[in-house]
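Reading through the structure tokens given below for one structure.
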Amino acid sequence: MKIAFIGDIVGRAGRLAIKKHLKELREEYQIDFVIANYENASHGFGLTRKNCEELLGYGIDMMSGGNHSFDKKEILGMFDEYPLIRPLNYPKDTVGSGIFKTQILGIDVAILNLMGYYTMPMVDNPFSMIRDEVTELRDEGYRHIILDFHAESSAEKNIVFRMLKDDVSSILGTHTHIGTDDLTIDSGCCYVTDVGLTGCRDGVIGMQSDAPILNSLNGAKKHFDIDEKCATILQMIIFELDDNGRCVDAKKIKIYGEKRVITNAWKEDEL
Ligand SMILES: [Fe+2]
């Protein structure tokens, strides 16, 4: 099966880039299922019902979140209605789920969302929690296990990769908005520290640069905004899993406006 993963969709520019390119990418690469991160999709903070329906209408099949999952309060009533998850390690009484179980091409697939510790809201231990959850899923018979690890720290993402690479199909990092060039297949696990944002590429992590520059110079605490018009980027990982849930191929597609740059994963397994 071929699965596509889009990192943080930031604001209207990100949504429009998905609208413009996703349908064509789905057909061209024969993608069976598309996952995306929604937590910045509505003007940088959270997800509205309207934008959720819009993104699902563009060809996204399910979406995961992060530290901004609950910024728009209407999401509290949306988890039962739409294919949305939020990080698994929020306190146990938090609304929504951290796991999405589905079937793709008749095969059971589990998609998980986890949040790191460093600079993040208070959450339960991501490392022991994901280890225990993956063990439980494998005991249930799941072999196709996909993780969106939403974290600031590259080291935390590396830790989860080294800890779980034999047991999960892929670990895709999100949150920093800056894509890293370490897309790798190791022990049948597809890993990248951060997929990178889909949205404005000429600001500061998808936001208009004025506020972050001023805030950094004089601590002004100016409100972050997103440019109405900007140069865009779409960033997507496409990975292929065999019947045992092991990754056999992966690539990163970046679309700068109209221009595509494609990078194949480093295959540690072929050494
Ligand atoms: Fe985030």
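Atoms within each ligand, like the ligands themselves, are counted from 1 in listed order.
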Exercise for the section: State, with a plain yes or no, whether a side-chain heavy atom of Arg26 is found less than 4.5 Å away from one of Asp61. Expected result: yes
Problem - 4.5 Å side-chain heavy-atom contact, Ile145 and Asp167 - result: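 No, side chains not in contact.
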Practice task
For the residue pair Phe70 and Phe79, categorise the inter-ring angle as parallel (less than 30°), tilted (30 to 60°) or perpendicular (more than 60°).
Solution key: tilted
Problem - Qualifying residue for side-chain contact (heavy atoms from CB on, under 4.5 Å) with Met236, from Ile255, Thr198, Leu22, Ile18 - result: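 When Ile255, Thr198, Leu22, Ile18 are each tested with Met236, the side-chain contact (heavy atoms from CB on, under 4.5 Å) holds only for Leu22.
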Fill in the blank from the handout: All heavy atoms of Thr232 vs all of Arg201, minimum pair found to be O-NH1, 2.5 Å
Practice task
Return the minimal non-hydrogen interatomic distance between Val192 and Val195, and the atom names on each side.
Solution key: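 Nearest heavy atoms, Val192 then Val195: CG1-CG2, 3.8 Å.
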Completion exercise
Listing protein N, O or S under 2.8 Å around the Fe ion (ligand 1) gives Glu39 OE2, Asn67 OD1, His150 NE2, His175 ND1
